[in-house]
Colleague: 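A single structure is presented below for examination.
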Amino acid sequence: MPAQDPNRVIIFDTTLRDGEQSPGATMNLSEKIRMARQLDLLGVDVIEAGFAAASPGDAEAVAAIAAEVDKASICSLARTVIADIDKAAEALRNARRSRLHIFLATSALHMEHKLNKTPDQVLRMIEEGVRHAASCSDDVEFSCEDASRTDLDFMVQACRIAVANGAGTLNIPDTVGYALPEEFAARVAYLKARIDPGVVISVHCHNDLGLAVANTLAAFCAGARQAEVTVGGIGERAGNAALEEVIMAITVRRNYFGLTHGIDTRQIYPSARRLSRIIGQPLARNKPVVGENAFAHESGIHQAGVLKNPETYEIMTPESIGLPGNAIVMGKHSGKNAVRAKLESMGYQLEPGQIDLVLAAVKRLADKKKDIYDEDLEALVLEEIYRIADKYALVHLGVQSSDTGLPPTAILVLDVDGKRVQHAGFGVGPVDAVFQAIDHVTGHKPELEQYAVNAITGGADAQGEVTVRIREKGRSAVGRGSHPDVINASARAYLNALNRLSKAF
Ligand code: KIV
Ligand code: ZN
């Protein structure tokens, strides 16, 4: 950990824990591993891979990521309870570097109404819990949950006990997104003045008032040297501080902050894109740094200025965040080595047989689409390699739209648990006809909550990427599908969502 340089901030990524906890962002094991690899490429210092005691699936994910990741330290969250700490330590056993992150609420409100404990009992739990964690790991972080609503002196007392028992990082979460920048900075400064200078102060800000990034930056100014962030700001309720915003703020305004970090900013856009693909949530167009409009100039005056000198209206370059300049990456004549090298540079380490599958898909796509970009290649990898073990798979699809005078009709052949089933169905439009036919064959009847089409890359021959969210019997699932034909992509997305719905995550 870069604790030696006083101006180096530690980036603690919690996309796979706090982020994954948010509605609609659930990931399966292989998706978590893929995202963890990307976070490692991005250069985060710590990856909070999950909450091992929360479920066997979480423990498995923490252990798998711990065994997989090369550079970042891998962390598991744990309540201040011995059994939780033991499960976290066990899941981290094979990590090259690891951290135990222990939390306990310290606000009067949480202690009384949630924990049903007196302040003295809470302090004793911190003492015992952190001491036990320090006997399992040489890197222990302690969080005062709901710190921003905790009595200041009680927070300092709790933190001192944590440090005395082996915590090297103290995290001050704004658990409910209540803090204001100036006030939050004063809290951090107050703690800093009363704690061993060798201890790293961390902040973890939620975005309920839209202030998560502002609070994080204010905390840096007050001496915090770790930020807990997520890609795209995903997280509980309104989310957490967005990694890309925090990093680009201290990068673009380095003269103001005087801080350094270990992030490769050119991996910011690929990371946001990968997360968006995995969780099936498109990036909002106006999202800072990574949204589609972040570098788009609509007004004539702005366009003219940017053409003369991009700095007139751009405070950072698209290249600096790794936004591809539409470089063509693959085509009909690409070979296996080129595909392997390109995929490796994108953080995908595939087996030779998997590379063959992707190469075949590249060639099929190249017959339909002239230029193949990074985004196309990534979509192919997701389609060919990482599609979850499917109960339902599309074999053939034929669609007739309504302009023939006949009702929109879909004829499809599905593979259902290895058996071919065919059906023809009608609908109010071609997509509806496809979904109705799929419902008939699978026996599902979900409510379609969201349907969105995106062009993966520009041009009329762009691959369409469809995202759907469906809900059935109180459970919802997001599905994603890509194909040059958007109706076909819709069928794949719908089946992907049904496959997710039929699995317990
Ligand atoms: O928001 C919060 O308080 C948390 C803690 C567990 C760090 O996520
Ligand atoms: Zn949180």
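Atoms within each ligand, like the ligands themselves, are counted from 1 in listed order. One is the number of the first residue; the rest follow in order along the sequence. Side-chain atoms are counted along with the backbone in the values below, which use heavy atoms only and exclude waters and symmetry mates.
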Colleague: If only side-chain N and O atoms count, and only distance matters, is there a donor-acceptor pair under 3.5 Å linking Q21 with R17?
Modeller: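 R17 vs Q21: donor-acceptor pair found between side chains.
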Colleague: Is the shortest side-chain heavy-atom distance between S143 and H204 below 4.5 Å?
Modeller: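 No; the side chains remain at least 4.5 Å from each other.
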Colleague: For ligand 1, which atoms have a heavy atom of E145 less than 4.0 angstrom away?
Modeller: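 Listed by number with element, the hits are 3 (O).
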Colleague: With a 4.0 Å heavy-atom cut-off (strictly under), which part of R237 contacts ligand 1: side chain, backbone, both or neither?
Modeller: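 None of R237 does.
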Colleague: Specify the protein heavy atom at minimum distance from atom 5 (C) of ligand 1: its residue, its atom name, and the distance to 0.1 Å.
Modeller: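 It is R17 NH2, 4.0 Å.
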Colleague: Determine whether the side chains of T14 and E48 contain a donor N or O and an acceptor N or O closer than 3.5 Å.
Modeller: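 Result is yes, a qualifying pair exists.
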Colleague: Side chains of T106 and T150 only: does a donor on one sit below 3.5 Å from an acceptor on the other?
Modeller: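 There is such a pair (donor and acceptor under 3.5 Å, judged by atom type) between the side chains of T106 and T150.
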Colleague: Look at E182 together with R187 and state whether they make a salt bridge at an N to O cut-off of under 4.0 Å.
Modeller: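 The answer is no: the pair does not qualify as a salt bridge.
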Colleague: Any atoms of ligand 1 less than 4.0 Å from a non-hydrogen atom of S143? List them with their elements.
Modeller: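 Those of ligand 1 that fall under 4.0 Å from S143 are 7 (C).
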Colleague: Within a distance under 4.0 Å of any heavy atom of T175, pick out the atoms of ligand 1 and give their elements.
Modeller: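 Counting from 1, the qualifying ligand atoms are 1 (O), 2 (C), 3 (O).
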Colleague: Can you say whether the rings of F435 and Y494 are parallel (under 30°), tilted (30 to 60°) or perpendicular (over 60°)?
Modeller: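 Geometry flag for Y494 against F435: parallel rings.
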Colleague: Select one of side chain, backbone, both or neither to describe which atoms of H206 lie under 4.0 Å from any atom of ligand 1, heavy atoms only.
Modeller: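 Contact part for H206 vs ligand 1: side chain (C-beta onward).
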Colleague: Looking only at N, O or S atoms, which one in D18 sits nearest to the Zn ion (ligand 2)?
Modeller: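 D18's closest N, O or S atom to the Zn ion (ligand 2) is named OD2.
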Colleague: What I want to check is whether the side chains of N171 and E228 have a donor and an acceptor closer together than 3.5 Å.
Modeller: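 Per modelled atom types, N171 and E228 side chains form a pair under 3.5 Å.
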Colleague: With a heavy-atom distance limit of 4.0 Å, tell me whether D18 approaches ligand 1 through its side chain, its backbone, both, or neither.
Modeller: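 Looking at D18 and ligand 1, just side chain atoms fall under 4.0 Å.
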Colleague: Among all protein heavy atoms, pick the one closest to atom 4 (C) of ligand 1 and tell me residue, atom and distance.
Modeller: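 Protein heavy atom at minimum distance: H204 NE2, 3.4 Å.
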